[in-house]
Amino acid sequence: MNNAVSAQDDFAFEVVVSGVPMSLYYLSSVECVNVDIGHRVEVSVGRRITSGWVVGRELLDEVVRRILPEKRSRAQAKAKAEQSTALDKKAAGKIALKPILSSCRAFSTDQFELFKWIADYYGASLADVIDNAVPTIKHSKPIAVARLAEKAFSSLKNSPKWLSDLANRASVQAKIIEVLQSSVSPVAVSVLNQISPSSNSALKALLSKELVIIEELVQGMPSQEEFLADIFSDPTPKLLTHIQAKAVQRIVESIRARSFSPYLLFGVTGSGKTEVYLRAIAEVLDSGGSALVIVPEIALTPQLLGRFRSRLAYPLAVLHSEVNPSERWEAWHSLLNGDIRLAVGARSAIFAPLKNLSLIIVDEEHESSYKQSEGLRYNARDVAVMRAKLANCPIILGSATPSFESLINSKKSRYQLIEMPERVTARPLPQIEIVDLSKVRRADMISENFSQPLYAAIDAVLKANQQAVVLYNRRGYSSYMQCDTCGEVIKCPNCSIALTYHKRRNVLLCHYCDSSITPPSLCRYCCDPKTTRIELDEAGLSSGEAVPQVGQLVHRGGGTERVDIELQALFPEARIARMDRDTVSRKGAYKEILGAMHSGETDILVGTQMIAKGHDLPGVTLVGVVDADVGFNLPDFRASEKAYQLMAQASGRAGRGAEAGRVIIQTRQPHHPTIVALETNRFKAFARYELDQRAALDYPPFGYLMRLIISDEHLDKAYECARMAAEELRKLVAKRTDETLAVSILGPSPAPLERLRGRFRWHILVKTTSRKLISQLARAMYGWKTANKKPDSFRIAIDVDPLDMM
Ligand code: ADP
Ligand code: ZN
Ligand code: ZN
């Protein structure tokens with residue numbers, strides 16, 4: 001039988017389903033005759049109906065012969081019993097295989113190669129990879145959500161007993177308040193209704209008391225058009241500078257040559273990288289190809305999108321996890337059909353099903369948000385490079401502070417380096433001044449967080465009607481609360497991490513699991529009201545007097561909320577806005593804050609790393625870094641690299657308009673290599689210094705890492721499993737083919753974040769100079785994990801090329 005003339009029902013379809021280790025085979029059915037590779041299908045597995053992906057198509061005869069010998073003989077026996085006359089293999093297969101229940105086209109066949117590579121490289125199943133890549137089909141209805149009203153916040157804050165009083169009178173109402181208070185985002189009414197049968201009437205009561213607000217949430221963003229602020233449109237094409245023109249020319253040549261050519265576009269902030277992207281994309285679209293742009297966080301790029309929309313005469317799909325699911329699915333299909341040829345999105349957009357892909361751009365390629373830190377732990381930048389390779393097209397990795405991985409790749413000529421060392425406006429990079437806080441006496445500080453020079457600089461900016469950006473890379477009011485008597489720090493009940501105090505909501509919040517508690521007024525360890533302490537006199541003798549324990553809780557460390565409050569006190573006339581995860585959680589808030597800054601309605605913008613991202617705010621002439629040391633001392637070999645990137649990005653916000661910029665960095669470690677390099681703008685020298693240290697230890701980018709994180713609710717089980725995993729790894733390494741290859745296995749040891757969401761965590765680190773070996777080990781450990789996995793037992797996360805070492 002010949003494939004070309006075979007009818008659909010001569011075939012069996014290979015389907016992968018998440019959680020099932022082997023491929024399954026099904027027949028097409030009357031309802032879905034168009035089944036093909038790349039379809040999402042519904043099939044029955046055992047007794048449940050589940051969705052899976054068609055990854056292969058084979059002649060039914062072959063399948064029956066190869067994988068179903070015993071099923072076939074059963075079928076034959078059955079057929080004989082039924083005295084069927086012409087029993088051929090096809091009939092046997094039809095009896096043995098179940099039909100596909102429904103099917104729908106979901107990805108293109110050329111994406112398939114990429115999915116296989118990812119599964120292979122990161123040690124994951126093909127089904128999990130595709131589940132991750134393709135958006136789920138959902139028909140979104142607006143859902144009703146509830147959140148606390150201002151009145152509730154102030155009651156909670158002003159009277160500590162308010163909630164318990166309410167609980168005595170109306171327990172369900174109090175429970176609802178508690179749930180809403182502990183959740184960062186609004187809670188669906190359907191969830192609240194599960195609290196108690198009387199939830200509904202309790203909610204009504206809370207509504208009438210104006211303690212709770214109910215609103216409709218169309219999941220995710222509003223329409224894509226609305227999402228784009230007109231303020232950011234910029235329709236005038238620029239006359240390219242000489243350097244830009246050369247960069248564009250090189251890239252356009254590769255586009256025309258249709259060859260895999262990776263470029264590292266290393267251009268300082270304001271050097272006009274986006275303009276280069278625009279020209280390259282226009283070339284691709286004009287010649288009928290399609291282009292894919294990935295950005296670190298789509299919510300942070302209204303500006304980039306505004307420029308794209310106003311300059312490119314082609315429709316554009318914005319892919320984003322918060323775009324509502326039906327819109328996302330629509331956008332996905334327009335790309336799959338080739339109706340839209342330009343896609344812009346965050347990490348997962350790297351899977352967008354573009355036809356005839358001719359260019360990929362990874363903006364801010366050094367950003368750690370390209371790495372997915374849960375589930376399938378892929379890095380979208382690395383996947384992008386592989387995708388360009390498979391599609392035979394150029395890829396541009398753009399950054400002002402490239403990752404060390406990419407720097408080394410350009411040094412080894414794996415990437416072509418394009419440098420843009422100057423700003424287009426011929427405006428010099430801002431001048432960087434360091435304030436050594438270790439030399440400033442507490443009494444000489446203007447406030448807790450502001451030294452005289454930083455204060456004076458902000459003051460001068462305000463007087464000149466310019467704008468300032470103030471960076472503090474930690475949200476909340478104080479980073480932890482500590483007992484002044486016994487030193488106890490209040491920790492999350494589920495994680496081994498201190499809780500951060502948020503003043504406005506008056507909660508102690510865990511930044512890892514989002515759970516929260518109302519801050520106690522006294523330490524619960526040394527201030528048991530039932531116990532007392534005997535006062536001793538200077539000679540150590542008891543005065544015989546018993547006094548109650550003290551144990552006051554005091555705030556330690558700062559946060560954006562606190563910096564915001566200090567600034568309000570220091571500059572009461574100034575219009576101050578704050579941008580961090582707390583203030584942008586409301587829909588549209590991000591755009592509003594940035595828009596107000598852009599139009600000059602805000603004088604000072606305080607925020608976390610969010611404010612450092614590619615915004616082009618021409619009125620900003622001062623960037624203040626309140627505490628540079630926040631990032632240095634984390635247990636992570638990339639801490640300095642990340643701190644440098646963040647501060648260089650932040651500095652790049654200053655002086656992008658007509659006036660020159662100034663940057664003031666407060667630190668207690670003015671001689672730290674990161675600070676010295678920043679001060680003198682010597683990124684390359686800094687990179688060399690850091691790279692030397694990494695080379696000595698075979699750390700990336702010289703060696704490759706895999707991290708296994710083993711977790712369980714019980715400490716001993718977590719350890720036991722970690723020990724077994726390490727043993728297995730050591731066995732695998734002993735069996736490696738190339739014995740000269742150095743491999744070290746570190747651990748198992750408790751992860752720096754020993755407990756997370758109630759689970760104890762151990763980790764094992766594998767380090768070697770062979771990328772291939774890391775992938776082999778990842779695959780083998782995936783197999784081991786699947787074979788040893790029982791429901792409700794330990795979890796093992798396999799992290800190839802980990803970024804997060806916590
Ligand atoms: P980057 O992405 O490297 O930070 P941008 O592309 O955002 O830089 O450019 C910085 C600013 O300079 C933008 O306001 C942009 O419109 C402007 N710009 C870019 N290229 C040119 C040019 N050739 N002539 C004039 N202005 C330009
Ligand atoms: Zn105490
Ligand atoms: Zn927690």
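One-based numbering, in listed order, for ligands and for the atoms of each. Computed from a predicted structure; not experimentally measured.
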Discussion item. Ignoring waters, how many N, O or S atoms from the protein are under 2.8 Å from the Zn ion (ligand 3)?
Written reply: 4
Worksheet item: Under 3.5 Å between some N or O of ligand 1 and some N or O of Leu239?
Response: yes
Discussion item. Can you see whether Phe760 has Arg755 sitting over its ring - NZ or CZ less than 6.0 Å from the centre and within 45° of the normal?
Written reply: yes
Worksheet entry | Phe153 six-ring face occupied by Arg504 cation (under 6.0 Å, within 45°) | yes
Item to complete: Begin from the C-alpha positions of Ile664 and Leu622 and carry the test side-chain contact (heavy atoms from CB on, under 4.5 Å) through to its verdict.
Response: CA-CA 8 Å; Ile664 297 185; Leu622 173 72; 4.2 Å; yes
Worksheet item: Heavy atom of Arg307 under 4.0 Å from ligand 1?
Response: yes
Fill in: Lys/Arg N to Asp/Glu carboxylate O, Lys371 vs Asp799, below 4.0 Å
yes
Worksheet item: Any donor and acceptor pair, going by atom type alone, linking the side chain of Glu275 with main-chain N or O of Gln244 inside 3.5 Å?
Response: no
Fill in: Partners passing salt bridge (Lys or Arg N to Asp or Glu O under 4.0 Å) against Glu405 (at least two apart in sequence or in another chain)
Arg638
Discussion item. Using a 6.0 Å cut-off, check whether atom CD of Gln431 has over 12 heavy atoms from anything other than its own residue.
Written reply: no
Item to complete: Return the minimal non-hydrogen interatomic distance between Ser515 and Asn494, and the atom names on each side.
Response: OG-ND2, 3.5 Å
Worksheet item: Which of the numbered atoms in ligand 1 are below 4.0 angstrom from a heavy atom of Thr274?
Response: 2 (O), 5 (P), 6 (O), 7 (O)
Discussion item. If the threshold is 4.0 Å, N to carboxylate O, is there a salt bridge linking Arg381 and Glu365?
Written reply: yes
Worksheet item: Between SG of Cys486 and SG of Cys483, what angle is found at the Zn ion (ligand 2), rounded to 10 degrees?
Response: 110°
Item to complete: Quick one: look at Lys238 and ligand 1, take heavy-atom pairs under 4.0 Å, and tell me if it's side chain, backbone, both or neither.
Response: side chain
Worksheet item: Under 4.0 Å from ligand 1, counting heavy atoms only, is it the side chain of Gln244, its backbone, both or neither?
Response: side chain
Worksheet item: Are the charged groups of Glu367 and Lys642 less than 4.0 angstrom apart, N to O?
Response: no
Practice prompt. For the pair Thr269 and Arg653, evaluate side-chain hydrogen bond (donor to acceptor under 3.5 Å, both in side chains) and give the outcome as yes or no after the intermediate values.
Written response: CA-CA 8 Å; Thr269 52; Arg653 298 316 111 213; 5.1 Å; no
Item to complete: Please verify whether a non-hydrogen atom of Gly267 lies at under 4.0 Å from ligand 1.
Response: no
Fill in: Enumerated ligand 1 atoms positioned under 4.0 Å from heavy atoms of Glu275
6 (O), 20 (N)
Discussion item. List ligand 1 atoms under 4.0 Å from Thr241, heavy atoms only on the residue side.
Written reply: 23 (N)
Discussion item. So for Val276, does at least one of its heavy atoms come nearer than 4.0 angstrom to any atom of ligand 1?
Written reply: no
Worksheet item: Which of the atoms of ligand 1 are close to Val268, meaning less than 4.0 Å from one of its heavy atoms?
Response: 3 (O)
Worksheet item: Hey, does Thr269 come in under 3.5 Å of ligand 1, counting only N/O atoms on both sides?
Response: no
Practice prompt. Walk me through it: do Gln466 and Thr621 pass the test side-chain hydrogen bond (donor to acceptor under 3.5 Å, both in side chains)?
Written response: CA-CA 7 Å; Gln466 295 163 353; Thr621 54; 2.9 Å; yes
